[in-house]
Every structure is written in C-alpha cells, then in structure tokens.
Asks: 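Next up is a structure, given as structure tokens.
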Amino acid sequence: MRIDARAKVTGDALYPGDINLPGQLWMQVLFARRPHARIKRLDTAQAERAPGVVHIFTARDVPVNEFGLGSKDAPVLVADEVRWVGEKIALVVAETEAQAEHARDLIAVEYDDLPPTTDSRDAMQPGAPQVHPAYPGNVIKHIPIRKGDVAQGFAQSDVIIESEYRTPAQEHAYLQPEAGVAYMDDENRVTVVVAGQWTQEDQEQIAHALGLRLDQVRVIYPAIGGAFGGREDMSVQIILALAAIKLNRPVKIIWSREESMIGHHKRHPMWLKSKWGATRDGKIIAAQVEIVADAGPYMYTSPKVLGNAAFGAVGPYAVPNVQVDAYTIATNNIVSGAFRGFGGPQAHFQAETQMNKLAEKLGMDPVEIRLKNVLREGSLLATQTPLPGGPVSLPQVVQKCADEFGWQVRGLGDKETRRQGERPSPLATGYGFAAALKNIGFSFGYQENAWAKVEIHGNAEIEKVIVYHGAAEVGQGTHTALAQMAATTLGVSLEKIELRASDTATSKSSGSVSASRMTYIGGNAIKGAAERALKKWTDEERPAMAEYTYLAPKTTNFDPATGKAKPNIAYGYVAQAVEVQVDTETGHVRVVRVTCADDVGRAINPRLIEGQIEGAVIQAQGWTIQENFQSKNGNVLTSTLSTYLIPGILDVPDRVDSVIMEFPDDDGPWGARGMAEMPFIPLAAAIIAAVHDATGVWFDELPLTPWRVLEKLKRK
Ligand code: MOS
C-alpha cells in the first residue's frame with residue numbers, strides 16, 4: 001500500500017494551498033491577458049493606496065529578471081514587451097486575499113497592442129515578425145535526422161502513404177492549481193513551500209532571479225496534487241520568494257483554476273507531415289517526417305520535447321531509410337512545455353497511424369505488420385545505434401497485447417457479421433492497435449544522476465532507517481517505490497523506513513521527477529546508498545550512514561547534421577488494443593475497452609503501475625477525443641474546466657486491462673524500467689484506427705469532437 005495513502009485519505013496530508021503561517025500576507029498576480037503588446041504606461045499609485053496593500057512589485061524589483069528551464073529567456077515580470085497571455089506584469093501583496101485582488105484591479109496599464117504571431121508554420125517564413133530577439137527566424141531549435149537514403153527507399157517501395165497530422169495543445173488539469181507559501185526560515189533562508197518536480201532546479205532558478213547564493217534559498221515540496229510535466233517550469237516559485245525576502249513576512253498565493261490554465265505551459269501543438277514507404281510484404285523501408293512544434297515565445301523545455309518527437313518520428317520500428325526534420329518555433333501563443341510523454345505522443349500518433357494506414361493498404365493485419373517491423377535485439381534506431389539496457393521486448397509486448405485483447409479471435413468474417421445486424425444501428429464498433437517505446441531519463445548527452453543518503457539506526461537489530469533523497473512525490477507513488485527499494489535492500493519491513501524527502505536543506509539533488517526516470521535513476525541511488533550503509537552496519541558502525549550518487553551510463557546528443565546519437569540509457573515498451581463505439585448520428589466516440597501491455601522491467605509496485613496505466617489511458621483519451629484547447633489570435637478561449645472538458649467518470653472506458661510484463665533492464669534497480677509516461681503514447685493512434693475500423697474514415701487531426709467526426713462522416 002502507498003505510504004502516503006492514509007494521510008491523503010484522512011486529509012492530514014498538507015498540499016501547498018493548505019499551509020497557513022502566522023502573519024502571512026497574500027499575493028495576487030496581474031497577468032497581461034493579451035498575446036502581444038508593448039507596455040506604454042504602468043501606474044500602481046492608486047492600487048498602492050488601496051486598503052490592506054503592503055507592496056506592489058513590478059519588473060524593476062526583480063534583481064535578475066529572467067528564468068526558464070532550457071534557457072533563461074523569459075522575464076519574471078514584464079518590463080516592456082508582452083509575448084503571451086500568461087506574462088506577469090505586477091504582483092500585489094496585501095493583508096488578505098480579497099484586498100490583494102481588489103488592488104490588483106486598480107493597477108492601470110496602458111498597452112500598445114501588436115499583431116500576434118500565432119501560426120507556427122507562417123512564423124518560419126522569411127520576413128515573419130521576430131517573436132523573441134534570441135531566435136532569428138523564430139526557430140528555437142531544428143533537429144535533423146538522416147539515415148540511409150529516403151529517395152532510394154521510396155523508389156523501392158510498393159506502397160507509399162502520405163499524410164498531414166495535427167495535434168492540439170493540452171492542459172495538465174492537475175488537482176491543485178499553482179499555490180504556495182514563502183517565508184524566511186530560522187537560518188534566514190528564503191524558503192518556498194510549493195509544488196514542483198525538482199527542488200534543486202527550483203532553488204537554482206529562484207537564486208538566479210533574486211541574485212542570491214544557492215544556500216540562501218530553500219525549497220520544500222509538501223504533498224503535490226499532480227504535475228504531469230506542468231510543474232517543470234516556474235510558476236509561483238520566484239515571485240513568492242521575491243516578496244517574502246523583501247517584506248520579511250510569510251507570503252501566500254493560490255491561483256484560481258482560470259489563472260492556472262492561462263498561467264502555465266501546455267503540451268506542444270504540432271503539425272506533422274509524413275511520407276512512409278513499404279514493400280508488398282509489409283517491410284517499412286523509408287520514412288520522411290517533418291515536424292513543426294509551436295513553442296510559444298520562450299524556450300522552456302521545447303528543445304528536449306522536440307528531441308523526443310524527432311526520435312519518436314519513426315515509432316518503435318527499425319526503418320533503414322529515415323529523414324526527419326523537426327522544428328520548434330517561437331510564436332505568441334500560450335507557451336508550450338513538458339507534458340507526460342514529452343513529444344512522444346505527437347510523434348507516435350503520426351507514426352502509428354502511418355503504420356495502420358499501410359496495413360490497410362497492404363491488406364495486412366495491424367499486429368502482423370508491426371511484428372514484421374518492430375525494433376528487436378540489435379536493431380538500429382533512426383539515430384544509428386542499437387537500444388541499450390537488456391531485452392528489446394517489442395515483439396513480445398505486441399504479441400501479448402494482441403493475445404490478451406483477443407485480437408486474433410475476431411477476424412474480418414466476424415466484422416462482416418457485425419455489420420449485417422438486423423436493424424441498422426447508428427452505433428458502429430471498431431478495433432484499433434498501436435505500440436510505442438519511451439526513453440527513460442533526459443539523456444541526449446546529459447549525465448543522468450541522482451543522490452541518496454541512508455542512515456541505519458539500532459543496536460543488535462535495525463530499528464529505524466532514515467532515507468534522505470530529493471525525489472518529488474507528485475502523486476505517482478515514487479516515495480512508496482523508493483521506500484520499498486530501501487526496505488528490500490536492507491531486509492527490513494517498510495514500516496521501519498522513514499523518508500526525509502523534497503527539502504533542499506536536507507537532500508542533495510535526485511534530479512527531476514520527469515521523463516519516467518525516478519524509479520530507475522532514483523532507485524539506483526537509494527539501492528547504492530542502502531548497500532553501502534548496510535556494509536557499514538555489518539562492520540558494526542552505529543548508526544551506519546552512507547551517501548551515494550548514481551551516475552547512469554553516458555549518452556550523446558544528436559549529431560547536428562545527421563542526428564546520429566546514443567540518445568538514451570534505457571527504454572520501456574508498450575502496446576495497446578482498443579475497442580470503440582462510434583455513434584454515427586451524434587459523432588460521439590466512446591472507448592469501450594483498452595488492453596495495455598507494458599514491459600516495465602520489474603514491477604516494483606504492481607498496483608501503482610496499474611494506477612499509472614489507467615491514469616495515462618484516461619489522460620490520453622482526453623487528448624484524443626474531448627479536450628479541445630482553443631485559442632484565437634493568441635487568446636485562450638477555453639480557460640475554465642467548464643469550457644475545456646476533461647474526461648469524467650462517465651467518459652472513462654468500461655475496462656482498462658493492464659498487462660504488466662517484466663523483461664529486466666540491465667541497469668535498472670531489480671531490472672526496473674521507467675513506465676509512467678508510456679501508456680499515454682500509443683492511445684491516440686489506437687483510437688483513430690478503431691474509429692476507422694468502425695466507420696471507414698481516417699482522422700488525421702485531434703481531438704475527435706462530435707462535430708469533427710460528424711462532418712467527416714457526412715462528407716463520406
Ligand atoms: Mo515530464 S513531461 O518528463 O514531467
């Protein structure tokens with residue numbers, strides 16, 4: 001059972017918004033709420049005189065006014081040019097939340113509105129207005145991959161499929177919007193209690209913007225109501241610290257849902273142009289893919305997301321001839337960044353739909369064509385290197401998923417029977433299949449690492465174990481998995497493990513809770529520290545203490561001309577089969593059943609893994625079918641959960657069958673591979689294939705809103 005289950009169920013667990021400190025002040029943010037403008041005049045005089053106001057902060061109050069994960073190219077508070085709707089103009093700090101809100105609305109700002117750049121492909125054209133001075137031509141990053149010769153591959157192909165795909169932005173919609181409290185602790189460190197994904201990264205960015213040393217800043221994560229990548233870049237961290245240090249009083253903020261939805265980044269919308277060629281017997285021999293991602297005006301994690309999208313452009317297949325050109329482009333749309341799958345879902349939607357279209361054209365079964373092409377032991381990736389880390393289990397994963405779903409049992413004959421019902425029904429049933437691979441860790445040349453410390457207390461026998469580490473428990477269960485790994489290494493029960501986590505004052509960096517990396521990389525750190533402490537315990541040291549920093553095997557970044565790389569340390573493999581029902585009169589698509597087979601290497605906690613599979617499937621279903629993020633001229637039209645519809649309990653599939661497979665990774669702790677993103681990745685393509693199976697229509701653009709479905713069905 002999860003070690004935090006009881007506190008979360010009883011309400012004892014404190015989330016950032018639950019924490020109140022004596023004498024605390026409240027902050028409200030004045031957002032720009034316009035996509036592109038110049039500030040002509042900013043007048044806070046009237047707001048400063050409003051009841052309860054303690055201070056109003058503007059750009060000139062920020063010592064080093066810049067932040068960002070990939071590059072510090074974004075201002076904490078805008079001084080002159082607004083580049084997206086969620087820019088922060090000013091901060092009001094007052095005695096109460098209502099007073100801060102009242103005063104915020106008294107701040108007078110005069111803007112010169114400028115035309116926004118909102119189409120990423122137009123923004124790449126010569127002469128397009130430059131969105132950010134750091135990105136000439138608006139290209140934040142271009143990643144080319146060249147393997148073999150695609151022209152020759154297409155010349156030898158018997159069938160070619162060409163398509164253009166579009167994927168939308170997606171909102172993380174975590175349970176608790178951005179919130180936190182900052183104060184000066186008893187060692188005079190500005191201390192920020194907030195929800196994030198990497199305490200040391202938050203600490204570094206706060207220190208940088210405030211012109212402080214790292215040891216003058218402390219970051220603590222209490223319980224976190226979900227993250228999904230949406231808490232990787234800064235939201236309230238720097239602004240809370242700025243106010244607490246200046247005013248020397250605790251300062252609290254809670255964003256409304258609406259502020260959260262315009263105030264943090266979204267999944268990258270992408271346009272993907274794709275041409276794949278295969279031989280008559282179903283061998284893919286060439287794939288040419290162009291990807292344009294809309295980054296919004298600042299870098300955030302865009303180059304890393306683009307790297308995963310470029311890498312995923314050929315799906316989980318061994319393709320001899322590959323040409324990929326992936327671009328991430330600056331616009332004045334809402335800023336884009338990390339979101340579960342991290343570029344993988346967009347790329348695989350394209351790759352897996354190409355695969356299903358090829359199967360259709362060749363009259364082959366979607367499972368059969370995959371088994372002919374999936375990466376295997378010794379296969380070369382598009383980056384011209386083999387996959388590390390133990391069995392490349394894609395053939396087994398694909399086969400197992402098909403078996404468990406009952407894919408072979410239904411044949412074409414069965415489907416014909418289904419269509420010859422006695423009375424014509426508007427409900428059409430269809431089946432779809434897709435697969436994916438997901439990298440573990442940031443890698444691409446980054447030295448993956450994690451730190452842990454273990455203290456064993458007792459005399460004759462171990463009475464208590466204190467484990468220090470930095471991993472953020474964002475709700476996925478990482479603290480439980482890490483505690484289990486410590487207990488197993490030491491041969492003690494889970495109850496004896498006490499975690500001291502997520503506080504920069506007591507832990508060094510375990511890296512980000514991102515990229516499906518913490519079970520693998522953080523787990524190796526815990527295992528290493530526990531083994532070393534246990535050796536000291538055996539040598540009669542009391543208490544026995546050891547620290548350990550795990551350094552993962554080295555990787556390399558894309559070669560700038562060819563994309564050649566040894567990009568990742570390890571992978572997880574996944575396949576999904578789905579059954580959908582399409583109402584051909586209303587256009588509603590219902591996901592009836594999903595079978596998801598995942599090679600997780602070793603299931604450290606099977607129940608948590610099932611939770612991740614079910615959650616990822618539902619989140620991906622939202623992205624595929626109903627979440628319809630809408631902007632107009634850079635303004636967000638769907639900034640509430642009543643206009644941006646995420647799946648509710650009546651939308652989820654009747655069944656999600658999680659099939660956990662365990663082909664151990666060479667370097668993962670007990671063979672574990674990371675897994676929490678991969679069940680998201682193939683679902684869109686599997687649903688699209690099932691809808692095609694039901695209706696005969698291919699949808700190349702998400703989401704499958706009823707009107708989009710109906711319109712295409714009518715045209716057919
Ligand atoms: Mo992530 S999308 O690697 O938190």
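Order of listing sets the numbers, starting from 1, for every ligand and every atom in it. What's counted below: heavy atoms across the whole structure, side chains too, no hydrogens, waters or symmetry copies.
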Asks: Does a side chain donor of either Tyr298 or Glu66 reach within less than 3.5 Å of an acceptor in the other side chain?
Replies: no

Asks: Would you list the atom pairs, donor with acceptor, under 3.5 Å between side chains in residues 221-233 and any protein atom, with sequence neighbours excluded?
Replies:
| residue | atom | partner | partner atom | Å |
| --- | --- | --- | --- | --- |
| Tyr221 | OH | Gln197 | N | 3.2 |
| Tyr221 | OH | Trp198 | N | 2.9 |
| Tyr221 | OH | Trp198 | O | 3.1 |
| Tyr221 | OH | Thr199 | N | 3.2 |
| Tyr221 | OH | Asp202 | OD2 | 2.9 |
| Arg231 | NE | Gly226 | O | 2.6 |
| Arg231 | NH2 | Gln176 | O | 2.6 |
| Arg231 | NH2 | Gly226 | O | 3.1 |
| Glu232 | OE2 | Ser514 | OG | 2.9 |
| Asp233 | OD1 | Leu69 | N | 3.0 |

Asks: List ligand 1's nitrogen or oxygen atoms that come under 3.5 Å of a protein nitrogen or oxygen, with the partner atom and distance.
Replies:
| residue | atom | partner | partner atom | Å |
| --- | --- | --- | --- | --- |
| ligand 1 | 3 (O) | Glu232 | OE2 | 3.4 |
| ligand 1 | 3 (O) | Ala515 | N | 2.6 |
| ligand 1 | 4 (O) | Gln197 | NE2 | 2.8 |
| ligand 1 | 4 (O) | Gly229 | N | 3.3 |
| ligand 1 | 4 (O) | Glu232 | OE2 | 2.7 |

Asks: Are the aromatic ring centres of Phe339 and His172 under 6.0 angstrom apart?
Replies: yes

Asks: Flag the pair Lys266 and Glu171 as a salt bridge only when some basic side-chain nitrogen lies within less than 4.0 angstrom of an acidic carboxylate oxygen.
Replies: yes

Asks: Below 30° counts as parallel, above 60° as perpendicular, anything between as tilted: where do the rings of Tyr135 and His132 land?
Replies: tilted

Asks: Salt-bridged, Glu204 to Lys72, with N to O below 4.0 Å?
Replies: yes

